[in-house]
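Starting from 1, each residue takes its place in the sequence as its number.
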Amino acid sequence: MTGEKSTGAMSSPSQTLVLYDGVCGLCNRLVSFLLRHDRHDQFRFAPLQSELAQTLLRRYGLDPNDFDTVVVLADFGQPAERALTRSQAALWAVGQLGGIWKLFAIAKLAPLFLREGLYRFIARRRYRIFGRYDQCPSPKAEDRHKFLSVPR
């Protein structure tokens, strides 16, 4: 699940849709981080558990039951839209923030198998280390417009 696949969808230009495990403490921290640093209002979010995410995962041939990954739909709603998973997704999202965060792109110099191995190592332990919610937390009122779906 680390490849890129393209398809069309509807959204405004230059947006990045982040599909994340809504009950994962680490994943929710990533979403909070992106919300805090999104200076260009480019990020939108949906939990992997939502119907929207499930539909998009199937469209890209990704496993809708795999909650061990973050999925980024880069250029969401544009002809160049593509699905990125795991380390590629995380690095893309942070890189889109610009500024000093672009320095994280240096991680792309590491071979993909090493990045993916580290990603999987953390993903398998994320609930033990970062906690797990009983249900997806509700976004703050000022951020609700950035969440395209709620979990089913």
Atom CD of E142: over 12 foreign heavy atoms under 6.0 Å: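 Count over threshold, so yes.
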Look at atom NE2 of H145 and say whether more than 12 heavy atoms of other residues, nucleotides or ligands are closer to it than 6.0 Å.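 Above 12, so yes.
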L148 reachable from V23 in the ILVMFWY side-chain graph, under 4.5 Å edges: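 Each belongs to a different hydrophobic cluster.
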Please say yes or no: joined through hydrophobic side-chain contacts below 4.5 Å, possibly via intermediate residues, are L26 and L118 part of one cluster?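 Yes: a chain of side-chain contacts under 4.5 Å links L26 to L118.
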For R144, all residues meeting side chain to side chain contact (heavy atoms under 4.5 Å, CB included), sequence neighbours excluded: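 Partners of R144 by the side chain to side chain contact (heavy atoms under 4.5 Å, CB included) criterion, ordered by chain and then number, come out as P139, A141.
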Interatomic spacing from [atom1] in [X] to [atom2] in [Y] - rounded to 0.5 Å:
X: K140; Y: L35; atom1: NZ; atom2: CG; result: 8.5 Å
X: H37; Y: S32; atom1: NE2; atom2: OG; result: 10.0 Å
X: F43; Y: Q15; atom1: CZ; atom2: CD; result: 10.5 Å
X: Q88; Y: T69; atom1: CD; atom2: OG1; result: 9.5 Å
X: Y20; Y: N28; atom1: OH; atom2: CG; result: 5.5 Å
X: L57; Y: D63; atom1: CG; atom2: CG; result: 8.0 Å

Restricting to non-hydrogen atoms, name the atom on [X] and the atom on [Y] that form the minimum distance, rounded to 0.1 Å.
X: C27; Y: C24; result: SG-SG, 2.9 Å
X: S149; Y: P47; result: O-CD, 3.4 Å
X: R36; Y: R39; result: O-NH1, 2.9 Å
X: Q54; Y: L48; result: NE2-O, 2.7 Å

Are R86 and D68 ion-paired here, with the side-chain N under 4.0 Å from a carboxylate O?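 No, this pair does not count.
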Does the side chain of [X] reach to within under 4.5 Å of the side chain of [Y], using non-hydrogen atoms?
X: L56; Y: L17; value: yes
X: R124; Y: Y119; value: no
X: R44; Y: F147; value: no
X: D75; Y: R82; value: yes
X: L19; Y: V70; value: no

Test side-chain hydrogen bond (donor to acceptor under 3.5 Å, both in side chains) applied to D143 - qualifying residues, sequence neighbours left out: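 Scan of D143 (side-chain hydrogen bond (donor to acceptor under 3.5 Å, both in side chains), adjacent residues dropped) gives none.
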Would E81 and Y60 count as a side-chain hydrogen bond (donor to acceptor under 3.5 Å, both in side chains) here? Give the steps. CA-CA 11 Å; E81 179 183 301; Y60 280 97; 2.5 Å; yes
Passes side chain to side chain contact (heavy atoms under 4.5 Å, CB included), R29 versus F33? Steps please. CA-CA 6 Å; R29 286 183 179 114; F33 174 83; over 6 Å; no
Distance only, no hydrogens: is a donor on one side chain within 3.5 Å (strictly under) of an acceptor on the other, for D21 and Y127?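 Distance-only check passes for D21 and Y127.
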Could you pull out all donor-acceptor pairs under 3.5 Å where a side-chain atom in residues 90-115 meets a protein atom, sequence neighbours excluded?
unit_1, atom_1, unit_2, atom_2, d
R115, NE, S87, OG, 3.4
R115, NH1, K108, O, 3.2
R115, NH1, A110, O, 3.1

